[in-house]
Amino acid sequence: MNENYVSDSQYELKTDILSGPDQPPYGLLVHKTTWDLNATSYLFETYSGVGLSKRIQWQKQVVRQLVGGEIDLGSADEDEGDNEETGGDDGSEEEEETDKGGSGGEDDGTGGDSDEPAENEPPVAKIASSPSRAATRTFDLGDTVAFDATGSSDPDGEIASYEWRHRGVGTLDRSGGTAELTFTDCGRARVALRVTDDGGATDTDEVVVVANRG
């Protein structure tokens with residue numbers, strides 16, 4: 001046999017979730033070992049009429065098949081020499097071995113490395129102005145306000161692009177992370193910024209400035 005095949009058609013190997021500490025069989029050290037190591041466990045049973053030495057021999061042979069000789073359990077001849085029947089047991093006996101790093105078992109989701117990439121965190125858009133606090137000022141016709149978005153940030157990467165939009169009075173000259181608004185008329189101007197990070201996430205910021213006739 002191996003972890004996927006048994007030679008006797010009346011038996012089969014199944015993959016299932018390991019029973020928890022509050023489920024039978026209770027108090028098995030292998031349960032704790034399996035959870036702590038995020039390992040695959042193999043549970044197999046022997047029924048009445050099979051002595052302890054024979055069960056141990058079978059158990060060693062199963063482990064050899066599963067781990068492919070990675071663990072030294074002695075030779076098969078030694079097991080044959082130890083094959084002394086000590087009498088059967090009524091009912092069934094459950095034996096369990098842990099194969100660290102094995103495959104085919106259910107993962108409880110609490111251990112091991114995940115191949116799933118981390119979720120991209122969005123950037124933070126930020127507009128600074130010169131003169132400072134431009135939104136609280138009143139400008140004159142012909143004045144120019146400079147905007148700087150290079151203070152925007154991305155917690156898990158970098159800013160890939162800056163996009164400026166303008167509505168209202170004046171003209172806006174854009175150049176990457178900076179822009180300049182010149183008041184060619186009196187009134188309100190809304191300057192909006194959208195930044196995109198290297199993962200494709202976006203964020204926006206905006207400022208409203210006002211110009212009156214001097």
Side-chain angles (χ1 to χ4, degrees), residues 3 15-23 30-41 70 98-214:
E3 61 181 307
T15 300
D16 205 349
I17 299 174
L18 180 68
S19 59
D22 57 346
Q23 298 172 314
V30 70
H31 284 178
K32 175 175 172 54
T33 304
T34 299
W35 290 116
D36 289 349
L37 297 180
N38 189 31
T40 299
S41 290
E70 295 179 8
T98 300
D99 173 18
K100 181 181 178 182
S103 62
E106 295 289 338
D107 188 356
D108 66 349
T110 60
D113 295 330
S114 172
D115 294 333
E116 187 174 332
E119 183 177 352
N120 181 39
E121 295 189 45
V124 178
K126 181 179 180 181
I127 300 176
S129 65
S130 177
S132 61
R133 300 171 60 85
T136 64
R137 298 171 179 260
T138 300
F139 295 93
D140 296 327
L141 187 65
D143 284 350
T144 296
V145 184
F147 301 103
D148 187 347
T150 58
S152 303
S153 61
D154 184 37
D156 59 353
E158 58 185 21
I159 302 298
S161 65
Y162 303 88
E163 297 176 67
W164 296 95
R165 293 186 179 182
H166 162 241
R167 292 184 63 183
V169 300
T171 58
L172 185 71
D173 293 326
R174 312 163 179 85
S175 178
T178 60
E180 285 187 349
L181 175 72
T182 300
F183 286 102
T184 57
D185 201 351
C186 297
R188 294 162 56 92
R190 183 185 302 272
V191 177
L193 166 72
R194 181 171 72 172
V195 297
T196 304
D197 69 10
D198 50 1
T202 62
D203 189 36
T204 60
D205 191 17
E206 69 174 29
V207 62
V208 177
V209 288
V210 178
N212 290 332
R213 294 188 184 277

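Residue indices begin at 1 and follow the sequence shown.
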Distance col, row Arg194:CZ vs Glu206:CD, nearest 0.5 angstrom, shows 13.5 Å
Which distance, rounded to the nearest 0.5 Å, do you find between the OG of Ser130 and the CD of Glu180?
9.0 Å
Quick check for you: to the nearest 0.5 Å, what is the distance between Asp154 atom CG and Asp203 atom CG?
10.0 Å
Heavy-atom nearest pair, Val169 first then Cys186, reads CG1-O, 3.3 Å
For Thr184 and Gly170, which heavy atoms make the closest approach, and how far apart are they?
OG1-CA, 3.5 Å
Which label fits Trp164 and Phe147: parallel for a plane angle under 30°, tilted from 30 to 60°, or perpendicular past 60°?
tilted
Rounded to the nearest 0.5 Å, how far does NE2 of His166 lie from OG1 of Thr171?
7.5 Å
Could you please spell out the steps behind the side chain to side chain contact (heavy atoms under 4.5 Å, CB included) verdict for Glu121 and Asp197?
CA-CA 9 Å; Glu121 295 189 45; Asp197 69 10; over 6 Å; no
Counting only heavy atoms not in Arg137, do more than 12 sit closer than 6.0 Å to its CZ atom?
yes
Between OG1 on residue Thr150 and NZ on residue Lys126, distance to nearest 0.5 Å
10.0 Å
What's the shortest heavy-atom distance between Arg190 and Val208, and which atoms?
NH1-CG2, 3.7 Å
Where is the tightest heavy-atom contact between Asp156 and Glu119, given as atom of each residue plus distance?
OD2-O, 4.0 Å
Scan side-chain atoms only and decide if Thr144 and Thr182 contain a donor-acceptor pair under the 3.5 Å cut-off.
yes
Contact summary for Pro155 and Pro123, nearest pair of heavy atoms
CD-CA, 4.3 Å
Do side-chain atoms of Asp148 reach the backbone of Ala128 as a donor and acceptor pair under 3.5 angstrom?
no
Do you know which two heavy atoms are closest between Phe183 and Asp140, and how far apart they sit?
CB-O, 4.0 Å
Euclidean distance, Ile127 CD1 relative to Asp205 CG, rounded to 0.5 Å:
4.5 Å
Got a donor-acceptor contact below 3.5 angstrom from the Ser129 side chain to the Pro131 backbone?
yes
